[in-house]
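What follows is a set of notes on a single structure, which appears directly below.
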Amino acid sequence: MAGFKKIAKLLVAAALAGAFVFSAAACTAPTNPDSGLVEPVDRNRTQLYVGNFNRGYGDEWILTLKERFEEFYKDKEFEPGTGKKGVQIMVDNLQEAGNTYINSMKTSRNAVIFNELVYYNDYVNQGLVAPIDDVVKGDLSVYGDTGTIEDKMYDQHKKFYKSIDGHYYGIPHYSSFTGIIYDVDMFDNAGLYFAYDQENSMDGFIINKSDRRSAGPDGEYCQVCAANGYNYSAHNCDDGLPATYDEYFRLCDYIDAMGDMATIWTGTHRAYYLGYLLRSLAVDYEGMDQILLNYDFSGTATNLVESIDADGTVHKRAATPIQNSNGYELYTSAGRYYALDFLHRLIFNEEGKSSGYWYPNSFTGGMSQLEAQDLYLTSVYENERIAMLFDGIWWENEAKDTFRDMSVGDSSMSRENRRFGFMPFPKAEAKDVGVKKNTMMDTLYSMAFINANCMDDPVTYDLAKKFLMFAYTQESLEEFTVVTSAPKSLKYEISSENQKKMSYFGRSVWNNYKNSDVVYPISTNSLYLNNQSSFEYASTFRTEVNDVVYTDIGSAMYNNGFTAKQMFEGIAAVNSKTSWENAYEQYFEKDTKTSVLS
C-alpha cells in the first residue's frame with residue numbers, strides 16, 4: 001500500500017522528535033544556550049526564550065511570529081551599554097504539557113510559554129506564573145492594533161483567569177475541537193450527499209453534483225448555494241450532510257456498499273480519540289447550558305435519564321436542581337447515553353457482528369494517529385478509499401509531511417489543493433434538527449503565560465510582556481489561524497483576504513466555529529477550580545460493568561460486546577453519591593456561594 005512507505009518516514013520523524021531534548025536551566029542564565037533550539041544564539045542581540053508545545057499545531061506559527069517581532073524591534077536597545085541591538089526570540093519546542101511541565105517550570109529558561117493541559121489553579125497556587133494584568137489590559141496601539149487583549153476575551157475567560165485573587169496569570173491560547181473529518185473531494189465525486197428530492201435519488205443520495213441537497217444538520221438550506229444554482233463547489237455549507245445519527249449510518253452503509261471504508265481512527269490512542277468522539281457527541285446533544293452544569297454545578301438539569309427501554313427509548317427525569325452536593329447526578333445525562341449508542345452502532349451491526357464501517361487496525365495498538373492520518377490521505381491511491389477520519393482539528397498540521405510527499409509531482413495532492421471538511425454533528429433525535437444549534441467544546445486547556453522565575457530580571461520580564469502582547473494582536477491572531485487552521489480562543493474575525501490563504505479544511509473549521517455555540521469547560525466554582533483535572537469531560541465516560549472498571553470505552557465495548565445501556569448505567573455506578581461525597585464534601589457548604597460563569 002502506498003501509505004505504508006510514508007508511514008515509515010513519519011515513524012522515523014516521530015522518533016527523532018521524541019529524542020529532541022534539551023538541558024533546562026533558569027531562563028535568565030541558560031547553561032547551554034544552543035541546546036534544543038532552532039538556531040544558534042546571536043550575541044549581538046538580546047535573547048528571549050519562548051517555550052512552545054510542539055505537537056499538533058507545530059511551530060510554523062511561532063516562527064512566523066518570531067520573525068515579525070524581531071523585525072519590529074530590530075533597532076531597539078534592551079540592554080544599554082552592552083552594544084546589543086534588537087531581540088532574538090529563541091524558540092524551545094516543548095514535549096511536556098500540563099502538570100508534567102510543572103516539574104520543569106522553576107528551572108526552565110523559557111520566559112514566555114505556550115502550552116496545553118494547563119490546570120490553572122495548580123500553576124498559580126504554586127507560584128509558577130507571573131501576573132500579567134498590564135499585558136491583558138495594555139494598549140495594543142503600539143503594535144498597530146486597537147483596544148486591549150481583554151477586549152478580545154470572552155466573559156467566561158475574563159472571570160476564570162481573575163478568579164483566584166483578581167489578577168490575570170494567563171491568556172487562552174488555541175482551540176482544540178475534535179470530531180469527524182470528511183473527504184470533500186470523495187463526497188463530491190461519489191455523490192455522498194443526501195438528496196433534497198428523495199424520490200429521484202440514488203437510495204436517498206444525489207445522482208449528479210448539481211442536484212439539490214438536503215438541508216443538513218442545521219435544518220436550513222444554504223441560500224448562497226441556492227442563489228448559485230446549487231453549485232456547491234465554491235461554498236462551504238452543511239447541505240447534504242447527515243442530519244441525524246440514523247442518516248449517518250445510512251451514509252456508512254452506502255459507502256460500504258460502494259466497496260469503500262467509512263471511517264478510520266488511531267488504534268494506538270483509541271482510548272483518547274474515541275473518548276474525544278464520545279465527548280463531542282454528548283456535548284452537541286446537551287448544548288451550552290446543560291454542559292456548563294458539569295463545571296458550575298449550579299442550575300437546573302433537564303436531560304437526566306430516568307430509564308432506558310430495551311429498544312433504546314430514553315425516558316427523562318423531571319427537571320432537577322443541581323448544586324455542589326448532587327453534582328454526581330449529571331453523570332446520568334442523556335447525551336452520554338446517545339453518544340455511547342452512536343459508538344455501539346459504529347462498531348456493531350444489528351446482528352452484533354462487526355459493522356465493517358471502520359479500518360481493522362482501529363482496535364489494535366499498532367496504528368498511531370500519524371499512521372491513521374497517512375492511511376486516510378493515501379487511500380486516494382487505493383481501491384478501498386476511506387471517507388472519514390475521527391481526529392482533532394490539529395490533524396491537518398500533523399499530516400503536513402504526508403501532504404508534502406504526496407504533492408511531489410502532483411500539486412493536486414497538496415494541503416492547499418485537497419479538500420477536507422469538519423462535519424457538523426448529526427443529531428441523536430430528528431426533532432432536534434434545525435432546533436438545537438451545533439455545540440462544540442474546547443478542551444485542551446491551552447494557555448499562554450509568563451514564567452514567574454523571570455520576574456527578577458527587568459529586561460527579560462519586560463520583553464516577555466511585549467512578546468505576549470504582540471502575539472495577541474489582530475494580525476497575529478489571524479496569522480495563527482491561517483497557518484494552523486485552528487481558531488484562537490478569543491473574539492476576532494478573519495479578513496476575506498486571509499481566508500483565501502487558508503486551506504479548505506481551515507475555512508471549514510472556521511465556518512463551524514463561527515456558527516456554533518462553543519463551550520469552554522471552565523468555572524469559578526471552588527469545587528472545579530481545585531479539581532480541574534478530574535472534570536476533563538472525555539474521562540467522565542469511565543464505567544463499571546460486571547464489577548470491572550473500564551476507561552478505554554471503545555475497546556471495552558468491542559471486546560466484550562457490551563451494549564450502550566450497560567455502559568451508560570456503569571457510568572452512574574462509578575460516579576455514585578458515596579464516591580462524590582467522599583471526594584468533594586468539603587465544598588458542599590459553598591453551594592450558595594458558587595460563582596457561575598455566564
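Only heavy atoms go into these numbers, but all of them, side chains included; no hydrogens, no water, no symmetry mates.
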Check: F342 ring centre within less than 6.0 Å of Y248 ring centre | yes
Measure centre to centre between the rings of F535 and Y295, then say whether the value is under 6.0 Å.
-> no
Do F297 and Y528 have their ring centres less than 6.0 Å from each other?
-> no
Centroid-centroid under 6.0 Å between F480 and W61 rings = yes
Aromatic ring proximity, centroids under 6.0 angstrom, Y276 and Y273 | yes
Taking the six-membered ring where the residue is Trp, are the ring centres of Y338 and Y245 under 6.0 Å apart?
-> no
Test F505 against every option in W510, W395, W394 by the ring-ring contact (aromatic ring centres under 6.0 Å, His included) rule and name the one that passes.
-> W395
Salt-bridged, D218 to K437, with N to O below 4.0 Å?
-> no
Listed partners of L117 passing side chain to side chain contact (heavy atoms under 4.5 Å, CB included), at least two apart = Y119, L444, Y445
State the CZ-OG distance between F425 and S280, to the nearest 0.5 angstrom.
-> 4.0 Å
Identify the residue among R213, K209, R418 that makes a salt bridge (Lys or Arg N to Asp or Glu O under 4.0 Å) with D188.
-> R213
Salt bridge present between E429 and K436 (N-O < 4.0 angstrom) = no
Could you check T364, L277, D552, N361 and say which one makes a side-chain contact (heavy atoms from CB on, under 4.5 Å) with R270?
-> D552
Only counting residues at least two apart or in another chain, list the ones meeting salt bridge (charged side-chain N to carboxylate O under 4.0 Å, His left out) with K565.
-> none
